[in-house]
Protein chains: 2
Amino acid sequence: MDATRFFSILGHPVRLRALVLLQREGELCVCELTHALGLLQPVVSRHLALLREAGLVDAHREGQWMHYRLAPGLPSWQREVLEQTATALGGQEPYVSDAALLGEMPNRPGSRCCA
Amino acid sequence: MDATRFFSILGHPVRLRALVLLQREGELCVCELTHALGLLQPVVSRHLALLREAGLVDAHREGQWMHYRLAPGLPSWQREVLEQTATALGGQEPYVSDAALLGEMPNRPGSRCCA
DNA sequence: GTGATATATACTGTCAAGCGTATATACGTC
DNA sequence: GACGTATATACGCTTGACAGTATATATCAC
């Protein structure tokens, strides 16, 4: 994936918010992202598919849940850009609220406790 | 300017190439950018106008020439992203050729010698 | 098998980005 | 003033991204 594509992918609010959340949390399933972002499920799913096809995130199934995380094989400069961005934006809206909504979410599947 | 807008601006090849060149060279006029990028003048001019309106670059006139440079007042995380990106991409195509074409350009206005 | 939940995809319409072309504006020289 | 060069902008067009809705697929419980 070339750099232009990388940036154009970050240039959409839903994807950027999802990536910042993933950077923060490590791994999240679609329903967690849908809840935290406050969006319809197909919207989130489509953007995640795009991120997956671009190689920015990895997905694996765990029961009914698809878990997404930042792709470990990402070029280092891209990972650094994501880290810097998440750090710089983490304290602002809407990223704060996203994280808060995630924290308040009931019945989170939880990759560790009930997989 | 929010982060999404910032990234969507980087997500266009012409703008990214122009920004990498500006990061490298410090300051360039429109005709230098047009020559280095190998594009029609209105294309370059429109993208520069967009970068200017977004606050990513500053412009000042010097005689007939408009000189552009990265905006000094850029948020530090954005400047760092640009630096990292330019460093990571500087050795690849098309950024190498852009810089080469610029170097080979005859009759460069030159901000220092003939302003 | 049926039904419930989680996720992905297909379809359709809308909207905005971008390009090529032509033209306008600004500056310098005469 | 006229003319040439550098740059900016306006116009018309095309194309692709995205959303909402509906539907398909996968997994689990029974």
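Protein chains get the first letters and strands the later ones, always in sequence-line order, with residue 1 at the start of each.
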Atom pair distance, as rounded to whole Å: CD in B:Gln41 and C1' in C:dA26: 13 Å
Euclidean distance, atom CZ of residue B:Arg5 to atom C1' of C:dA17 [Å, nearest integer]: 10 Å
Figure out the CZ/P separation between A:Arg46 and C:dT9, and round it to whole Å. 11 Å
Can you find a donor-acceptor pair, distance only, under 3.5 Å between B:Arg15 side chain and C:dG18 base? no
Exactly one of B:His35, B:Arg17, B:Arg24 clears side-chain hydrogen bond (donor to acceptor under 3.5 Å, both in side chains) with B:Asp98, and that residue is B:Arg17
What's the closest nucleotide to the side chain of B:Leu50 if the choices are C:dT7, C:dG18, C:dA6? C:dG18
Atom OH of A:Tyr68 and atom P of C:dA6 are separated, to the nearest Å, by 15 Å
Please report, rounded to the nearest Å, how far the P atom of C:dT7 is from the CG atom of A:Leu40. 15 Å
Treating Ile, Leu, Val, Met, Phe, Trp and Tyr as nodes and any side-chain heavy-atom pair under 4.5 angstrom as an edge, say whether A:Leu37 and A:Leu102 lie in one connected cluster. yes
Which label fits A:His60 and A:His67: parallel for a plane angle under 30°, tilted from 30 to 60°, or perpendicular past 60°? parallel
Could you tell me the separation between the CD atom of A:Glu32 and the P atom of C:dA6, rounded to a whole number of Å? 11 Å
Please list, in 5' to 3' order, the outermost nucleotides of DNA chain D lying under 4.0 Å from any heavy atom of chain B. D:dG4 to D:dA10
Taken to the nearest whole Å, CD/A:Gln64 to C1'/C:dG3 is 12 Å
Whole angstrom value for the distance that separates C1' of C:dT7 from NE2 of A:His67: 12 Å
Earlier contact from the 5' end, DNA chain D, for A:His47 and A:Arg61: A:His47
Taking the nucleotide of DNA chain C with the closest heavy atom to each, which residue, B:His12 or A:Pro42, is nearer the 5' end? A:Pro42
